[in-house]
Every structure is written in C-alpha cells, then in structure tokens.
Amino acid sequence: MTTPTATAPDRTVSLREVGPARRGTRPDEVVIALSPAFAGHFSKTIVDVPHAEVLRQLLAGIEEQGVTARLVRVIDTADLAAISHTAARLSGSGISVGVLSRGTTMIHQKDLPRLSNLELFPQSPLLDAPVFRMIGSNAAQYAKGEHPQPVPTRNDQMARPRWQAKAALLHLKEFDCIEAGRDPVEVEAVFSRGTTG
Amino acid sequence: MTTAPRPTTAAPRQSLRTEILEARPVNLDGFVEEWPEKGLVAMESEFDPAPSVRVEGGQIVELDGRSRDDFDFMDTFIANHAIDVESAERCTAMPSAQIARMLIDPGVSRDEVLAVSRGLTPAKVLDVVKLMNVVEIMQGMQKMRARRTPANQGHSTSARDNPIQVAADAAEGALRGFAELETTLGVLRYAPMVAIALQVGAQVGRGGVLTQCALEEATELELGMRGITAYAETISIYGTESVFIDGDDTPWSKSFLAAAYASRGIKMRFTSGTGSEVQMGNAEGKSMLYLEIRCILMAKGAGVQGLQNGSISCIGVPGAVPGGLRAVAAENLVASMVDLECASGNDQSFSHSAMRRTARAMPQMLPGTDFVCSGYSSVPNADNMFAGSNFDTEDFDDWNTIQRDFQVDGGLRHVREDEILAARNKAARALQAVFAHLELPPITEDEIEAATYANSSNDYPLRDVLADLKGAQSVMDRGITGLDLVKGLESAGFHDVAENLLTVLRQRVSGDLLQTSAVLTGDFTPLSAINDPNDYAGPGTGYRLQGERWEQLKKLRHVTSSTNPETEVG
Amino acid sequence: MSASPPPELTTADYPLSINRPELLHTPSGKPITALTMDAVVSGELSAEDLRIAPETLQLQAQLADASNRPQLAANFRRAAEMTAIPDDEVLAMYNALRPRASTAAQLAELAARLEGTYGAPVCAALVREAAEVYARRDLLARPVADSDQ
C-alpha cells in the first residue's frame with residue numbers, strides 16, 4: 001500500500017497568539033482548533049505533510065463553501081475529542097475541526113457528547129492535502145446546516161507496522177507540550193516561504 | 001544563494017547495493033528509539049520498580065516498593081486476588097536466577113514452577129524473565145504451556161460481511177485444523193447472521209470447533225447466551241489504572257463480567273498486550289512488559305481461565321523498539337507460567353517483510369502454545385475485519401511446510417482440494433437450509449457455486465444488504481437460539497452437522513469447556529489442562545509430533561513419490 | 001438447593017460430560033443424557049435446557065480447586081450464584097461497576113441485592129471490595145450531575 005507523500009509547496013506557518021479565545025457569534029463560522037505542538041514544536045504531520053499545507057487546505061475547503069474560519073490553539077490537553085469539543089463550544093455555528101500535530105483530525109459539534117463526533121479521521125498516515133481540503137469543506141457544510149456525504153475514510157492494514165510506534169512517539173511528545181490550566185487562545189496563521197538554499 | 005532556485009534534490013550518490021537494500025520491504029516498517037521515561041521501552045527500564053512484598057495479618061501490605069495506602073487499583077487487585085499470600089514472601093525472596101533456571105530445567109516439573117510463580121509480585125516476575133534470552137523463553141514456554149497439545153485459532157471474516165463466505169471459509173478453516181474460529185463485522189448489525197454462518201460452517205468442517213463473534217460486551221454476551229457462539233475473548237484489560245479507566249472498566253467490573261460468562265456456561269478469556277498503555281500515552285513511565293505482567297496477574301486474580309496476549313493490536317509498538325519481540329515472547333511465557341491458557345498473538349499485520357513475519361512467530365510456533373495464533377487469517381487479509389493478521393490464506397502452504405521442516409505442530413495441516421471443495425459446498429448448502437428454516441433472505445445456487453470455488457469476498461454475488469440486515473434484526477427480535485439452528489439443520493437432512501452443533505451446545509450444560517485451556521477434539525472430548533496437562537520433562541517427553549498426526553503433517557501440495565518419482569503423492 | 005451433598009471430585013473425574021454424566025443436570029432438572037436430537041425435534045427442549053446449572057458450576061469449582069486453581073474456582077462460585085440473575089440484570093450490574101458509574105450508596109445497594117435477593121454472598125463481597133477501592137481512588141459517581149455543557 002502507498003502512503004501519501006508531501007508534494008506541498010515549500011511553505012511554513014507559525015501561529016501568533018492574539019488573545020484569549022472567545023465564543024463566536026457568527027453563525028457562519030467554523031473554528032479550527034490546533035493541538036499544543038501544532039506549528040510549534042512540530043512543523044509537519046506523521047507523513048511529512050507540512051502544517052502550513054494542512055491549514056491552507058482546511059481554510060480553503062471552508063472558504064470555498066462561503067464560510068469563515070477562525071483559529072484557536074488548545075494548550076491544556078492533547079486529547080483530540082477534548083480539543084475538538086472545546087472548539088465546537090467556541091464556534092458560532094457550533095462546528096469545529098480539531099487537528100493534532102501528527103495529523104489526526106475530527107469534525108465536532110457542540111451539542112454532541114464530548115466522546116462522540118461528526119467525523120473522525122483516526123489514521124493520520126492516510127491524511128493528505130486533498131483529504132484535509134474535503135474535511136474543511138464538510139465542516140463548512142455542517143456549519144450551514146447541510147448534511148454532506150462523509151469524507152471517504154481510507155484503510156491500510158500495513159499502516160500499523162509502519163506508523164504505529166511513530167504515532168505513539170509523536171503522541172508522547174505532544175503530551176509534553178501541554179501547559180496545564182492554560183485556556184485556549186485565539187491565533188493567527190502567519191505563512192511564509194520556506195527557507196532553503 | 002544568488003542563483004535562481006533550482007529543484008535541487010542533490011542527495012549524495014548512493015551505492016547500487018544501498019538502493020537495493022532501501023527497496024527491501026523491511027524498510028517500510030517503522031522503528032523508533034527507546035524513551036524509557038515515557039514507557040517507550042520493551043522490558044529493560046531503570047524506571048520499573050524493584051521487587052518487594054510484605055505480608056501482615058494475612059494481607060499483602062507492601063508490593064514492589066509501594067505500601068498499601070499508596071496502592072493504585074491494579075496493585076490492590078493483584079495483592080488481594082492474584083498473589084498467594086502464604087508463599088509470597090518466601091517466593092519473592094528467592095533469587096531470580098534460581099526461578100529462571102527452574103523455568104528451563106527439565107528436571108523441575110511444571111507444577112513445581114507453579115508452586116513458586118503463584119507467590120511472585122509483578123516486578124519479581126519481570127526480574128526473572130529479564131534474565132532469559134529468547135531461546136530460554138522458548139524452553140520455558142515448551143514446559144509451561146498449560147495444555148499438552150498445542151492448537152491454533154483462525155479469523156473468519158468478510159469485507160462485505162457476507163455470511164455465505166464466512167460459512168465456507170469457516171468450514172475450510174475447521175478442516176485445516178483451527179480449534180477455534182473467530183469473526184467480527186464491518187457493519188455491526190450484520191452480527192447475528194454472520195455468527196450463525198460461522199457456527200454452521202465450523203460444524204461442517206469439523207465437529208467440535210468452537211466459535212466466537214467479537215463485539216461490544218452486551219451483544220457478544222447475548223449471542224453466547226443464545227448458543228449462537230461458543231466462547232468469547234475480546235474482553236480487554238490494561239496495565240495502568242488510568243488506561244483501564246479510559247477503557248471504562250476496572251479489575252472488579254471485568255471480574256464480574258468473567259463470572260457472568262461462566263454463569264452462562266461460556267468459555268472466556270481476557271485480552272491484553274504490551275504497548276497498549278504507551279500507545280494511549282499513559283504508561284506511567286513503566287516498561288511495556290512490566291505493565292503487561294500486571295495485566296496477566298490481574299487476569300489470574302479475576303479467575304478467568306485464560307488470556308489472549310502477545311501485544312495483539314499494538315504489535316507495531318514493541319515491534320519498533322529494541323528487544324521488542326523478546327518482550328512479546330516473554331509476555332506469552334508469563335501468561336503460561338502463572339497457569340493461564342495463552343492465545344499467543346501473531347494475529348495482526350506486523351511487518352512488510354515476509355522474513356520478519358515468520359521470525360515473529362517462531363517463539364510461539366516452535367515450543368507450541370495453547371493457540372499459536374490468536375487469529376491466523378483463514379480468509380485473505382483484504383477480507384480480514386480485524387485489520388489484517390500476521391498470516392493469511394496465502395501463507396497456508398508455507399505454514400504447513402514449516403511444520404514439516406521442523407517437525408512441529410502449528411495446529412494446521414494440508415488438505416486435499418476435493419475435500420476442501422466438498423466442505424465449502426456443504427457449508428454453503430447447510431447455511432442455505434438454515435436461512436430457509438429461519439425465513440431469512442435466501443441463498444441462491446449461484447452463491448453456493450461461488451462459495452465452493454471462491455477466494456475472497458469479491459468472488460461472490462452481491463447480497464441484498466438491507467434485506468440481510470432486516471433478517472439479522474429479526475434473529476435478535478425473534479429470540480433465535482442455537483437450538484433453532486440444530487432444528488433447521490436436522491429438518492433439512494444435515495444430520496451430522498445438526499448432531500455436531502447439538503453436542504457443542506450440550507457441552508455448555510457440563511461446564512467442561514470452562515476449565516483452563518479447554519478445546520473440543522474431533523470426537524467431542526473436552527481437552528484441557530486437567531486431562532491433557534503439559535508433562536514436559538526434557539527430551540523425549542511432553543507433546544511430540546508423531547504417529548498419525550505426523551503422517552498428516554508430512555503431506556504437502558507437491559511431494560514427489562519415492563516409489564515412482566514421475567508422480568506426486570497426495 | 002439439591003438434597004444430597006455434592007460428591008467429592010478429583011481431577012480424574014474430568015471431563016464430567018464423559019466420566020460423570022450422571023452428575024449433570026439442566027437447571028430445569030433434566031439429566032444431560034436427555035438432551036438428544038429426538039428431544040430437540042419433538043420440541044421437548046427449550047433454550048432454558050441448554051443453560052448450566054449452579055450445581056454444575058460448583059462441581060467445576062471443585063475440579064478447579066483439585067487442580068490447584070483457587071482463583072478459577074472462586075470465579076465458578078461467583079458464576080454459580082449468578083445463574084439466578086436474569087440476563088439483563090447481570091449486564092446492568094456489570095455496568096454499575098464501571099468507573100464513576102455508581103455512588104457508594106448505589107454499590108452498597110447492589111451488594112445488598114446480590115446477597116438478599118439472589119443469595120449471592122461471594123458476588124456481594126466482590127462488589128463491596130470494589131466500593132471500598134473506588135472510594136479511595138475517586139472512582140465513585142459524583143452525587144451531583146456533571147454540569148459540563
């Protein structure tokens with residue numbers, strides 16, 4: 001089986017904190033919640049998709065549905081359900097997308113139980129740029145009150161031998177970046193050309 | 001820096017040999033460095049506790065450096081239920097090297113080892129097996145396996161949850177030698193139909209094969225209580241309190257569940273394995289094997305007869321760290337050395353490398369375990385709904401050849417094509433009769449033809465899934481039981497299959513299959529650690545592959561006749 | 001329940017289905033030898049007849065003790081008690097033992113019900129032990145409902 005390769009443009013992203021995350025009022029927004037080490041301690045997913053590309057695709061997917069996106073960073077947990085649910089409750093539409101540094105992603109809705117979700121993409125090694133774009137698009141459609149077809153999930157039996165241990169390692173590192181007791185913060189994505197040469 | 005950017009991927013030149021090595025499948029596998037502080041380490045960690053035990057007033061008040069007030073719930077459960085209080089201080093004080101020697105010394109019987117192991121703390125058990133290399137671990141396994149006769153367990157699933165496929169593959173798997181067959185679903189609502197198919201197919205292939213359907217607890221228990229399945233195994237336990245709680249259970253809730261299964265006469269074992277805690281980020285800084293030993297002792301304390309372990313679905317984690325497979329072999333040994341049935345892993349996709357896949361199984365296959373695989377895929381891996389196994393149908397002939405090469409019994413055998421076709425066809429027909437009897441969506445002649453010759457789910461006509469799901473629901477609503485299957489088989493003239501299934505159901509009333517390591521032989525004799533105890537005592541003793549069984553395993557698909565080398569025997 | 005005291009079994013009696021079938025009865029009192037195909041076809045047997053009887057679990061507990069497996073024997077003794085509890089209630093009791101599913105009072109009530117209604121003192125002891133540990137490890141349900149969201 002093949003795994004997606006990073007063919008993304010050579011860009012990097014950093015997240016600039018602009019203040020405490022607040023509850024949105026616009027019904028046409030999706031909140032994207034990023035994990036403690038996203039675009040910070042780490043710069044790419046488990047299969048080397050740059051975090052800049054992850055964000056660019058999610059934002060594009062949301063915007064092409066005519067919905068606005070807002071970014072927050074959740075700092076006090078690395079639990080994807082908790083991150084996503086926190087963001088859903090901040091979202092004016094009640095819809096959020098939570099993303100871990102290694103790429104694992106979830107679409108959540110504020111009225112669902114925390115351990116439930118609208119769509120879950122647990123196999124981080126199988127998430128590439130087109131999938132992130134579809135996730136953004138679906139989240140935006142939920143925000144508009146539509147019922148999109150779920151993003152097709154992929155399966156790869158050989159993902160376990162290749163990625164399971166690295167995923168565990170990335171998970172442990174993300175845990176290390178948790179700052180207990182810190183509330184979510186609103187962030188701005190600052191994209192820049194990569195520094196090569 | 002001043003020139004226009006060029007797509008410079010100017011990597012240093014590689015040798016042609018390196019290019020070949022880079023392309024080898026093993027380099028698709030993931031490997032990581034150890035991180036002992038976080039528990040990302042197989043079995044050698046300075047953060048594991050030192051063994052200690054103190055007994056006061058008939059109660060263990062100190063365990064591996066912790067006093068009772070500081071016990072987490074695993075410590076408490078193990079201290080209260082798993083460790084023999086009478087012998088704990090004496091056994092834990094024995095030099096670890098002495099206990100390790102007892103494990104491999106053919107002059108020391110299995111019972112003599114058990115008299116010591118029942119008084120050991122988790123850290124002490126770890127201290128003992130840490131002294132053993134992988135050959136010594138295998139020697140220990142050869143003696144400590146509970147049942148004298150080794151066996152194997154198969155997965156029989158379908159990517160389309162096609163019950164006809166499951167029945168035909170179960171019949172073939174049973175014929176090839178699996179003593180237990182397990183299924184699970186893509187669409188959970190299909191469960192009753194597929195569980196019925198598994199049971200019927202298995203009893204066609206070989207009377208007495210035990211079946212299970214892995215589901216959430218309530219449905220799994222219900223199918224068992226109705227006699228549609230015969231045993232259960234996916235009852236997960238974990239080595240740290242926090243991960244156990246994340247799984248929404250405690251040692252007491254799982255113990256209660258263990259008794260619930262026994263109260264309905266259903267064989268059951270727990271499941272655990274190295275790597276699950278660190279994978280969930282809560283290893284509390286302990287090595288994978290130390291935490292797994294805690295699981296094993298918890299299972300022992302619960303009074304469950306056996307355990308499926310050997311990392312199981314987390315095999316990619318120990319598989320990626322140094323010494324990981326030594327730890328996996330050791331965890332199987334520990335289950336056996338505390339007298340539990342051990343279904344020893346080799347049941348999940350493990351490596352891109354055929355060489356590594358084979359090597360992974362040797363510490364279980366060569367000494368023999370109660371179930372060498374706790375799920376050899378008896379369907380193509382693409383149809384394996386447990387996310388793929390270490391071995392599948394394509395490996396049957398390799399497995400049989402390895403058994404013959406080393407004269408070891410891995411539980412399977414080569415079966416002639418005509419026998420396989422007959423069993424598959426009969427299984428599909430028997431299921432057709434049962435579905436008709438139960439007024440479930442019919443099975444067509446085209447489907448029977450397909451089942452006879454098929455390899456994978458792609459080779460079958462598509463079912464009307466919605467009709468099947470309605471049928472599955474009606475099986476639950478109408479309270480269909482194993483007895484209804486017997487009636488359907490009998491009335492359609494499948495007397496032998498009906499009799500096989502009735503005999504399996506009758507076993508439930510006797511409770512014989514609840515004893516440690518119990519399976520049913522082809523003549524329906526319950527074979528367990530009581531009447532088939534492992535009596536290994538050195539060369540020439542214990543289970544030996546000989547006689548009729550060895551003659552069976554000498555057969556392969558292609559063997560040149562010595563009488564007439566222009567022909568093959570078969 | 002049964003009038004005569006249970007026999008003293010040794011490991012040589014295993015398997016009971018072959019060596020001591022005369023000791024085996026269904027919960028409805030039929031001998032195991034009555035579970036024949038004729039009886040199935042004639043409709044004399046119901047699913048109830050294919051359940052294990054508490055006396056049989058006590059016999060298997062003896063065999064487990066005789067083969068030096070005290071924990072397994074204890075499990076069989078809890079199981080013997082549980083044969084009296086309906087399927088749904090067994091599952092409900094299991095769910096009540098999950099982490100933070102029950103208050104101390106609810107677990108005490110459960111233990112009392114096991115002991116009183118079902119004559120299940122061994123199961124009750126397990127629940128009481130759990131209640132004590134859950135209290136110490138913060139695993140009891142909080143009396144007030146979680147106000148989160």
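Chain letters run A, B, ... following the sequence lines, proteins first and then strands; every chain starts at 1.
No donor-acceptor pair closer than 3.5 Å links the side chain of C:R51 to the backbone N or O of B:G265. Checking side-chain atoms of C:Q71 against main-chain N and O of B:A82 turns up a donor-acceptor pair under 3.5 Å.
Interface residue C:A64: backbone and side-chain heavy atoms are both found under 4.5 Å from chain B. Using a 4.5 Å cut-off between heavy atoms, C:Y94 touches chain B through backbone and side chain atoms alike. In this structure, the portions of C:T83 lying under 4.5 Å from any heavy atom of chain B include both its backbone and its side chain. Only the side chain of C:V133 comes within less than 4.5 Å of a heavy atom of chain B; its backbone N, CA, C and O stay farther away. Contacts between B:T516 and chain C at a heavy-atom distance below 4.5 Å involve backbone atoms as well as side-chain atoms. Proximity to chain B (any heavy atom under 4.5 Å) is shown, for C:E81, by neither the backbone nor the side chain. With a 4.5 angstrom heavy-atom cutoff, C:R77 does not touch chain B via any of its atoms. Of the atoms belonging to B:R226, not a single heavy atom falls under 4.5 Å from chain C. Only the side chain of B:L502 comes within less than 4.5 Å of a heavy atom in chain C; its backbone stays farther off. Interface remark: B:E222 contributes no atoms to any contact with chain C (heavy atom separation under 4.5 Å). Contact annotation for C:L23: neither backbone nor side-chain heavy atoms come within less than 4.5 Å of a heavy atom of chain B. Proximity to chain B (any heavy atom under 4.5 Å) is shown, for C:L35, by both the backbone and the side chain. Using a 4.5 Å cut-off between heavy atoms, B:T250 contacts chain C through both its backbone and its side chain. Of the atoms belonging to B:L221, it is side-chain heavy atoms, and not backbone ones, that fall under 4.5 Å from chain C. There is no contact between C:A74 and chain B, counting heavy-atom distances below 4.5 Å. For chain C, the nearby parts of B:T525 are the backbone and the side chain; heavy atoms of each come within less than 4.5 Å. Using a 4.5 Å cut-off between heavy atoms, B:A498 contacts chain C through both its backbone and its side chain. Of the atoms belonging to C:V90, heavy atoms from both backbone and side chain fall under 4.5 Å from chain B. In this structure, no portion of B:F244 lies under 4.5 Å from any heavy atom of chain C. Only the side chain of B:E490 comes within less than 4.5 Å of a heavy atom in chain C; its backbone stays farther off.
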Quiz item: Given C:D49 and B:L483, is the side chain to side chain contact (heavy atoms under 4.5 Å, CB included) satisfied, shown in steps?
Solution: CA-CA 10 Å; C:D49 291 311; B:L483 268 190; over 6 Å; no
Self-check item: Chi angles and distances behind the salt bridge (Lys or Arg N to Asp or Glu O under 4.0 Å) call for B:D69, C:R136
Solution: CA-CA 9 Å; B:D69 291 342; C:R136 193 163 56 78; over 6 Å; no
Quiz item: Run the side chain to side chain contact (heavy atoms under 4.5 Å, CB included) check on C:R78 and B:F256 step by step: do they pass?
Solution: CA-CA 8 Å; C:R78 287 192 285 270; B:F256 193 89; over 6 Å; no
Quiz item: Would B:D339 and C:R69 count as a salt bridge (Lys or Arg N to Asp or Glu O under 4.0 Å) if you check the C-alpha gap in whole Å, the side-chain angles of each, and the deciding distance to 0.1 Å?
Solution: CA-CA 8 Å; B:D339 202 21; C:R69 298 189 173 99; 2.8 Å; yes
Practice problem: Apply the test side chain to side chain contact (heavy atoms under 4.5 Å, CB included) to residues B:L514 and C:L72: give CA-CA distance (whole Å), side-chain angles for both, the deciding distance (0.1 Å), then the verdict. | Solution: CA-CA 9 Å; B:L514 301 177; C:L72 186 61; over 6 Å; no
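Atoms CE and CG, on B:M225 and C:D87 in that order, are 3.5 Å from each other to the nearest 0.5 Å. With rounding to the nearest 0.5 Å, the separation of NE2 in C:H25 from OG in B:S510 is 13.0 Å. Note that CG of C:L97 is 12.0 Å distant from NZ of B:K254, once rounded to the nearest 0.5 Å. Note that the CD atom of B:Q507 and the OG atom of C:S17 stand 4.0 Å from one another [nearest 0.5 Å]. Within the model, atoms CD1 of C:I32 and CZ of B:R508 stand 11.5 Å from one another, a figure rounded to the nearest 0.5 Å.
Between the side chains of C:Y14 and B:Q515, not a single donor N or O lies within less than 3.5 Å of an accepting N or O. No hydrogens or angles considered: a donor-acceptor pair under 3.5 Å links the side chains of C:Q60 and B:D512.
For B:G303 against C:N75, the heavy-atom pair with the smallest separation is O-ND2, 3.1 Å. When all heavy atoms of C:R137 and B:F71 are compared, the pair lying nearest together is NH1-O, 3.3 Å. Scanning both residues, B:F524 and C:I18, for their nearest heavy atoms gives O-CD1, 4.3 Å. Taking each heavy atom of C:A79 and B:A259 in turn, the nearest pair found is CB-O, 3.4 Å. Minimum interatomic distance between C:Y134 and B:S253 (heavy atoms only, all atoms of both residues): OH-N, 4.0 Å.
C:I52 places none of its side-chain heavy atoms less than 4.5 Å from the side chain of B:S263.
Interface check for chain C: of the options B:I245, B:T481, B:D84, the most heavy-atom pairs under 4.5 Å are formed by B:I245. Taking B:Y261, B:F73, B:F77, B:W252 one by one and counting their heavy-atom pairs under 4.5 Å with chain C, the maximum is reached by B:W252. Put simply, of C:L50, C:T11, C:T56, the one with the most heavy-atom pairs under 4.5 Å next to chain B is C:L50.
Salt bridge annotation for B:D249-C:R98: present, with a cationic side-chain nitrogen under 4.0 angstrom from a carboxylate oxygen.
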